Amino acid sequence: MGALSAESRAGELARLGGPAANERPAGTDRPELPPLPGAIPGSVVLRLAPFPNGALHIGSARMLYVNDEYRRRYAGKLYLVFDDTIGSAEKRVDPAMFDIIRHDLDIAGVPPDEVYYKSDRIPRFYPWARRVIDRGGAYVCVCPAERLRENREASRACPERSQSLEATVEGWERMLAGGYAPGEAVLRLRTDLADPDPAFRDRVLMRVSDLDHPRVGRKYRVWPMLEFSWAVDDVELGVTHVLRGKDLVVEDRMEEFIWRLLGIQGPPFLHWGLLRVREAKISKSKSVAEVRSGEFDGWADPRTWSIDSLERRGIHPEALRRFTLSFGLSLSDIEVPAETLYAENRQLIDAVTPRRAFVPDPVRLEVEGAPLLEPLELANHPDHPELGIRSVTASGPYWLPRAELVRHVGAEIRLKDLLNVRLPAEPPEGGSGAVVSAQFTTLANKKLPRIQWVAESGAVAVDMLGLDGTHRSGRGERALRDSTAGQSFQFERVGFVRVESNRTPGEEPVRVCFGHP
RNA sequence: GCUCCCGUAGUCUAGUCCGGCCAAGGAUUCGGGGCCUUCGACCCCGUAACGCGGGUUCAAAUCCCGCCGGGAGCACCA
């Protein structure tokens with residue numbers, strides 16, 4: 001068996017991907033990210049702030065790698081800060097996600113330097129809120145949410161907006177003391193009700209919630225909103241640059257407004273536009289629902305396009321990194337075909353991935369008049385002899401893909417690397433027990449359609465999970481029996497696959513996950 | 001509706017800040033050819049773009065104005 005272990009494959013990738021990647025001819029280099037404004041090597045601090053309600057997906061990869069790239073360039077630090085404030089009834093923290101997200105970072109190759117939980121930091125926000133109040137920057141509003149919204153829309157002030165500092169302090173103390181039920185009072189920033197952007201008018205800083213938090217239970221009743229918590233934590237954690245998607249630009253304004261109010265110089269913000277992968281239209285909340293209902297086979301289901309599922313498919317993290325970094329910090333909202341990612345992956349793995357024969361939807365083919373054939377010694381890779389060889393049973397009968405027998409009825413075809421046969425004029429009958437007889441013609445390597453095959457003797461059952469979540473069963477060549485968890489192969493004329501990571505030695509069928517063509 | 005952002009080939013992207021070296025570079029896709037016993041890889045060739053209209057200028061993808069198109073936000077979610 002010449003297949004490489006996962007370890008030696010990684011070594012191979014390091015060799016190929018390392019220096020080779022830097023030896024592109026001048027002018028064809030990937031564009032570099034722009035320099036970070038005011039960045040001092042060695043003292044850059046960045047942060048990732050996922051909300052733990054679902055696994056990281058291909059869209060999150062951009063956040064991961066842009067931040068990681070700058071960390072590398074400036075020898076900085078990258079913190080993982082779980083943004084696990086209380087959320088809402090619809091948007092709850094899922095405690096399982098803390099480990100899953102850390103695992104996602106792990107497989108993405110983006111290890112955090114430190115890990116924080118926002119829910120550990122709630123008391124820190126109270127004195128900051130008090131500072132904002134004392135500067136006259138906030139007031140306690142007791143409007144119902146509906147009226148608050150209407151007033152904001154109409155640029156109309158709520159009665160409390162003009163309350164005195166003393167009254168605000170009293171209201172704030174009452175919030176903290178549990179004197180308000182959820183929804184009865186909020187602390188609002190005093191911006192400008194005439195602000196042309198309705199989204200910016202007197203946003204909420206802190207609110208009351210009695211939802212049960214998976215980490216801290218009901219320990220706190222007053223919770224910060226995202227913008228305020230970051231206005232505080234970007235300062236307290238010493239973040240030097242905030243790199244986030246452009247969907248959060250209003251939040252920049254909020255943070256800057258608060259900092260100006262308190263006389264603080266905060267970090268600058270950089271953004272990127274929305275990235276969508278054409279084939280991965282699914283949203284995170286949809287995936288959450290499908291995983292929860294059991295419709296999806298957990299977060300590693302290929303239909304989620306989660307980081308985990310991409311690893312399962314054998315997509316190398318380096319391919320994901322190059323893919324996401326290739327878009328730079330462009331502010332355009334873009335939709336990219338997955339093929340672009342596949343192209344990156346192929347470039348990385350093609351040369352180090354052994355070839356194997358796999359026959360989906362197999363039909364048994366008997367070849368009349370064929371000579372007796374000795375086992376074949378086939379190269380694991382047509383262009384890379386260093387990947388070794390494997391032995392393949394060559395005598396019939398054979399398994400062939402039903403689709404090919406149908407497509408080539410009556411025609412002469414070549415069983416790849418073996419011999420030529422003339423197929424019968426009738427397509428194979430239905431049913432999996434179908435047997436087809438073909439007529440041997442020659443051994444000569446003629447220019448004919450070349451179809452992959454597997455000798456019945458020694459064939460191994462294979463189950464291939466597809467991108468749509470369905471399984472295809474088929475037959476694979478004998479060498480697949482020795483495959484180990486996590487190994488990648490190219491199934492000839494089918495595509496790249498990866499052996500499922502929970503495979504036990506000798507298990508049949510050999511379970512693989514389809515990666516890409 | 002209001003606010004912000006974006007608009008370079010099929011899809012991404014470089015160039016736009018500091019106008020000329022851009023009759024626009026790269027990647028990917030697609031088409032053609034070659035090669036290897038894969039629909040994969042590799043090699044060669046090719047198609048293909050500055051959203052529209054004005055203005056400034058000797059000169060505009062780059063600056064100004066208007067329009068059109070696309071996206072996001074307008075939550076006591078993140």
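Every chain is numbered from 1, with letters handed out A, B, ... down the list of sequences. Here the structure is a predicted model, which is why all the values come from computation and not from measurement.
- If you check every strand for non-hydrogen atoms under 4.0 Å, A:Arg346 touches sugar and phosphate atoms only.
- Base pairing analysis places B:C18 opposite nothing; no Watson-Crick or G-U wobble pair with both distances below 3.5 Å involves it.
- For A:Asp383, the listed nucleotide lying nearest its side chain is B:A41; candidates were B:A41, B:C5, B:A75.
- A:Phe200 comes within 4.0 angstrom of nothing in the nucleic acid, heavy atoms only.
- A side-chain donor-acceptor contact under 3.5 Å links A:Gln452 to the backbone of A:Phe358.
- Nucleic acid contact for A:Thr85: sugar-phosphate only, since backbone atoms but no base atoms lie under 4.0 Å from a heavy atom of the residue.
- Distance CG (A:Leu400) to P (B:U38): 16 Å, rounded to an integer number of Å.
- If you take CD of A:Glu492 and P of B:G40, they are 12 Å apart, rounded to a whole angstrom.
- In this pair, A:His384 and A:His381 present their aromatic rings perpendicular. The plane angle is above 60°, beyond the 30 to 60° band.
- Checked against B:A78, B:C76, B:G71, the side chain of A:Ala145 finds its nearest nucleotide in B:C76.
- The residue A:Ile334 sits close only to the backbone: its heavy atoms come under 4.0 Å of sugar-phosphate atoms, none of a base.
- Summarising the geometry, the separation between CZ on A:Arg201 and C1' on B:A75 is reported as 15 Å, rounded to the nearest angstrom.
- B:G53 is paired with B:C65 under the criterion used here, namely a Watson-Crick or G-U wobble arrangement in which both key atom distances are under 3.5 Å.
- For the pair A:Arg278 and B:U11, the criterion of a side-chain N or O lying under 4.0 Å from OP1 or OP2 is not met.
- In this entry B:C12 has B:G26 as its Watson-Crick or G-U wobble partner, both defining distances falling under 3.5 Å.
- Salt bridge A:Glu251/A:Arg203: present, at least one basic N to carboxylate O contact under 4.0 Å.
- Atom CG in A:Leu275 sits about 13 Å away from atom C1' in B:U13, given to the nearest Å.
- Counting only heavy atoms from C-beta on, A:Val336 has its side chain closest to B:U11 among B:U11, B:G73, B:U13.
- Judged by distance alone, with hydrogens and angles left aside, the side-chain atoms of A:Asn67 form a donor-acceptor pair with the main-chain N or O of A:Met63 at under 3.5 Å.
- Nucleotide B:A78 holds its P atom 14 Å from the CZ atom of A:Arg47, rounded to whole Å.
- B:C36 atom C1' lies 11 Å from atom NE2 of A:His384, rounded to whole Å.
- With salt bridges taken as basic N to acidic carboxylate O contacts below 4.0 Å, one links A:Glu477 and A:Arg390.
- Ranked by how close their nearest RNA chain B nucleotide is to the 5' end, A:Ile451 and A:Val249 are led by A:Val249.
- Nucleic acid contact for A:Pro144: base, since at least one base atom lies under 4.0 Å from a heavy atom of the residue.
- A:Arg152 has a side-chain polar atom (N or O) that falls below the 4.0 Å cut-off from OP1 or OP2 of B:C76.
- As rounded to whole Å, 20 Å separates atom P of B:G70 from atom CG of A:Asp247.
- B:G73 and B:C63 have their C1' atoms separated by 30 Å, given to the nearest Å.
- Figure legend: A:Arg47 and A:Trp230 shown as a cation-pi pair, the cationic atom lying under 6.0 angstrom from the six-membered ring centre and within 45 degrees of its axis.
- Put simply, A:Ser330 has a side-chain N or O that comes within less than 4.0 Å of OP1 or OP2 on B:U13.
- Searching all strands for a Watson-Crick or G-U wobble partner of B:U37 with both distances below 3.5 Å returns nothing.
- For A:Arg149 and B:C76, the shortest distance from a side-chain N or O to OP1 or OP2 is below 4.0 Å.
- Nearest-nucleotide assignment on RNA chain B puts the 5′-proximal partner with A:Pro382, out of A:Pro382 and A:Cys141.
- A:Arg493 has its CZ atom 10 Å from the P atom of B:G40, to the nearest Å.
- Of all nucleotides present, only B:G71 satisfies the Watson-Crick or G-U wobble test against B:C4, with each distance under 3.5 Å.
- For the C1' atoms, the distance from B:C39 to B:A48 is 25 Å, rounded to whole Å.
- A:Met206 comes within 4.0 angstrom of no nucleic acid atom, judged by non-hydrogen atoms across all strands.
- Listed by residue number, A:Pro196, A:Asp197, A:Pro198 are the residues of residues 189-198 of chain A with a heavy-atom contact under 4.0 Å to RNA chain B.
- In this model, the phosphate group of B:U37 is not approached by any side-chain N or O of A:Arg450 to a distance below 4.0 Å at OP1 or OP2.
- When both pairing distances are held under 3.5 Å, B:U47 makes no Watson-Crick or G-U pair with any nucleotide shown.
- Comparing B:U37, B:C39, B:U28 against the side chain of A:Lys416 picks out B:U37 as the nearest.
- Within the nucleic acid shown, A:Gln452 has no heavy atom closer than 4.0 Å to any nucleic acid atom.
- The side chain of A:Leu331 lies closest to B:C6 when the candidates are B:A78, B:C6, B:G70.
- Surrounding CZ of A:Arg292 are at most 12 heavy atoms belonging to other residues, nucleotides or ligands under 6.0 Å away.
- Residue contacts shown for A:Asp417 include a base, since a base heavy atom lies under 4.0 Å away.
- At a threshold of 4.0 angstrom between heavy atoms, the contacts of A:Glu335 are confined to the sugar-phosphate backbone, with no base atom among them.
- Interface remark: the A:Glu404 side chain does form a donor-acceptor pair with the B:C39 base, using a distance-only criterion of under 3.5 Å.
- At a threshold of 4.0 angstrom between heavy atoms, the contacts of A:Gly273 with the nucleic acid are absent.
- A salt bridge links A:Lys446 and A:Glu412; the closest N-O separation between the charged side-chain nitrogens and carboxylate oxygens is under 4.0 Å.
- Between the side chain of A:Glu344 and the base of B:A27, no donor-acceptor pair under 3.5 Å is found.
- Salt bridge status for A:Arg244 with A:Asp252: present, with a side-chain N to carboxylate O gap under 4.0 Å.
- Picking from B:C6, B:A41, B:G73 the nucleotide with the shortest atom distance to the side chain of A:Ala199 gives B:G73.
- Atom name C1', nucleotides B:G40 and B:C5: the rounded distance is 41 Å, in whole Å.
- Not one N or O on the side chain of A:Glu236 forms a donor-acceptor pair closer than 3.5 Å with the backbone of A:Asp233.
- Salt bridge status for A:Arg450 with A:Glu492: absent, with no side-chain N to carboxylate O gap under 4.0 Å.
- Among the protein residues, A:Val204 comes within range of the sugar-phosphate backbone only, with heavy atoms under 4.0 Å from sugar or phosphate atoms but none that close to a base.
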